[in-house]
Amino acid sequence: MNKILNKIFRSRQSLGQFLFAGLGFLLGMLMLLLSVQLYIQVNKVLNPKNTYPEYLIVSKQVGLGNMLTMARASFRKKDIRSLKRQPFVEDIGKFKSNQYKVIAFAKGKIPFYSELFFESVPDQMIGEIPEGWGWKEGQKLIPVIISKNFLDLYNFGYALGNGLPQISKSTIGLLKVSIRIEGPQGKASFQGRVVGFSERIPSMIVPERFMDWANKNIGRNEEVNPSRLILKVKNPADPAIANYFERKRIQINKDRLNASKAGGVIKIIMSVISILGAFFIALSFVIFMMSFRVVLAESKNEIKLLIQLGYTAQMIGKNLIYFFIAFVCGLSVLTFGLVYYGIQLTQRFMIDSGLEITPGIEPITILVGLAFTGLTIGINILVVMRLLRKQA
């Protein structure tokens with residue numbers, strides 16, 4: 001029986017058409033599974049389960065209108081409310097700036113005289129609070145936290161150019177600088193001392209309590225919108241952050257958002273490739289079905305004769321079905337082998353690039369491959385049996 005059916009179907013079968021459909025199925029599955037695997041792994045890198053909050057300093061973009069009208073590029077209350085509603089924001093801190101003139105000077109081995117600026121942020125945004133931080137009214141010593149970059153600029157720029165001694169992080173805390181603040185309501189003198197360094201905030205930070213007192217009693221005592229904010233975010237690589245900032249014309253160090261933009265582009269590319277892969281698989285469905293239709297149409301007389309001899313449509317269809325199952329399963333095994341090899345190459349590249357990823361094929365990738373293989377077999381079995389019943 002099988003030999004007779006093999007002889008009938010093979011003589012009517014277009015091998016080239018069938019192999020073309022198989023190649024389409026192979027390429028489609030390969031593109032689909034690789035894109036699913038990479039999409040999942042990129043998503044894990046961009047949105048890890050165990051994330052530690054990070055801090056972003058943002059400001060409004062300064063445009064020509066700000067220059068012409070002397071308007072401050074600042075965050076209004078509705079801007080801050082909008083930011084608080086975003087799912088990627090955990091907390092917001094406002095920068096407060098001095099509304100008075102700050103003059104710092106020193107004598108001795110490191111003489112200098114300079115106008116400075118002060119800013120303050122809520123203590124919870126500073127991170128590790130250094131010893132000696134804090135201020136109360138009547139205190140003459142102002143503790144200051146500066147960016148480590150400021151010390152580097154002094155040591156490798158100002159000090160070398162002016163023949164002054166360089167200062168280490170451990171010794172700068174021993175130096176006290178005279179500070180005089182002047183404003184519409186008067187003036188006051190203090191001593192300033194660096195009590196810590198910040199990698200997070202590129203500024204000269206003083207306690208918020210001192211800033212509020214000085215602005216109220218020495219400065220202009222104006223209620224102004226903050227020009228900068230510090231955001232505590234869950235994951236700075238989240239593409240939603242970059243999209244929101246661009247839409248709202250919010251400015252940030254571009255390097256901090258490169259990962260999120262790259263991640264967003266990769267996700268789009270992987271989605272397009274997976275859609276293209278699904279299209280190839282669908283095209284192979286059509287070609288397989290056309291091949292079966294042609295084979296059965298050309299074998300119409302032989303099939304009718306076999307049915308008259310007592311054979312059922314199921315008995316006749318088994319030959320084509322078994323051949324097709326073996327063919328598709330062979331293609332699927334080859335596809336998984338190529339996918340595994342491709343994943344090994346991409347994972348080695350990602351690990352060498354410093355990305356933390358889980359080696360091996362993702363379970364979802366395997367399930368997608370098995371699901372499409374089963375769907376291909378199931379649909380074509382239904383088509384074959386339906387055509388045979390029509391001829392019966």
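None of these values were measured; they are calculated from a predicted model. Residue numbers start at 1 and run along the sequence shown.
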Worksheet item: What residue pairs, at least two apart or across chains, pass salt bridge (charged side-chain N to carboxylate O under 4.0 Å, His left out) with a residue in residues 118-135?
Response: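 For residues 118-135, and leaving out neighbouring residues, the salt bridge (charged side-chain N to carboxylate O under 4.0 Å, His left out) pairs sorted by first residue read Glu119-Arg228.
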Fill in: Selection residues 141-156 - residue pairs positive for salt bridge (charged side-chain N to carboxylate O under 4.0 Å, His left out), sequence neighbours left out
Lys148-Asp152
To check you understand the geometry: which heavy-atom pair defines the closest contact between [X] and [Y], and what is its length?
{"X": "Glu115", "Y": "Ile103", "value": "CG-CG1, 4.3 Å"}
{"X": "Val144", "Y": "Val206", "value": "CG2-CG1, 4.2 Å"}
{"X": "Trp133", "Y": "Val195", "value": "CE3-CG2, 3.9 Å"}

Test item: [X] and [Y] side chains (from C-beta on) under 4.5 Å apart, heavy atoms:
{"X": "Ile377", "Y": "Cys329", "value": "yes"}
{"X": "Asn225", "Y": "Phe75", "value": "no"}
{"X": "Leu141", "Y": "Trp135", "value": "no"}
{"X": "Pro143", "Y": "Pro207", "value": "yes"}

Fill in: Transitive ILVMFWY side-chain link Leu367 to Leu33, under 4.5 Å
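Leu367 does not cluster with Leu33.
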Discussion item. Are Leu32 and Leu334 connected into the same hydrophobic cluster when the rule is that any two of I, L, V, M, F, W, Y join if their side-chain heavy atoms are below 4.5 Å apart?
Written reply: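 Per the 4.5 Å side-chain linkage, Leu334 and Leu32 are co-clustered.
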The criterion is side chain to side chain donor-acceptor pair (under 3.5 Å); which residues satisfy it with [X], sequence neighbours excluded?
{"X": "Gln139", "value": "none"}
{"X": "Thr365", "value": "Gln37"}
{"X": "Ser198", "value": "none"}
{"X": "Arg209", "value": "none"}

Fill in: Pairs where residues 162-194 contributes a residue and the test ring pair (Phe, Tyr, Trp, His ring centres under 6.0 Å) is met, not counting sequence neighbours
Phe190-Phe210
Discussion item. Once side chain to side chain donor-acceptor pair (under 3.5 Å) is applied, what residue pairs with a partner in residues 330-341 remain, sequence neighbours excluded?
Written reply: Ser332-Thr373, Tyr340-Gln344
Worksheet entry | Residue that, paired with Phe197, satisfies side-chain contact (heavy atoms from CB on, under 4.5 Å) out of Asn149, Leu151, Ile145 |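 Result for side-chain contact (heavy atoms from CB on, under 4.5 Å) with Phe197: Leu151.
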Could you give the side-chain donor-acceptor pairs of residues 172-182 under 3.5 Å, partners two or more places apart or in another chain?
residue : atom : partner : partner atom : Å
Ser178  : OG   : Gln191  : NE2          : 3.4
Arg180  : NE   : Glu182  : OE2          : 2.9

Discussion item. Holding to salt bridge (Lys or Arg N to Asp or Glu O under 4.0 Å), I want the full list of residues that pass it with Lys60, two or more places apart in sequence or in another chain.
Written reply: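 Applying salt bridge (Lys or Arg N to Asp or Glu O under 4.0 Å) to Lys60 gives Asp79.
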Worksheet item: Excluding sequence neighbours, so at least two apart, what forms salt bridge (Lys or Arg N to Asp or Glu O under 4.0 Å) with Lys187?
Response: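 Residues passing salt bridge (Lys or Arg N to Asp or Glu O under 4.0 Å) with Lys187: none at all.
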Worksheet item: Do side-chain atoms of Ser35 reach the backbone of Met31 as a donor and acceptor pair under 3.5 angstrom?
Response: yes
Discussion item. Between Gln166 and Asn155 (side chain of the first, backbone of the second, donor and acceptor by atom type, cut-off under 3.5 Å), is there such a pair?
Written reply: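 Indeed, once roles are kept as given, a pair shorter than 3.5 Å links the two residues.
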Show which side-chain atoms of residues 80-89 pair as donor or acceptor with protein atoms under 3.5 Å away, not counting sequence neighbours.
residue : atom : partner : partner atom : Å
Ser82   : OG   : Tyr244  : OH           : 2.7
Gln86   : NE2  : Ser82   : O            : 2.9

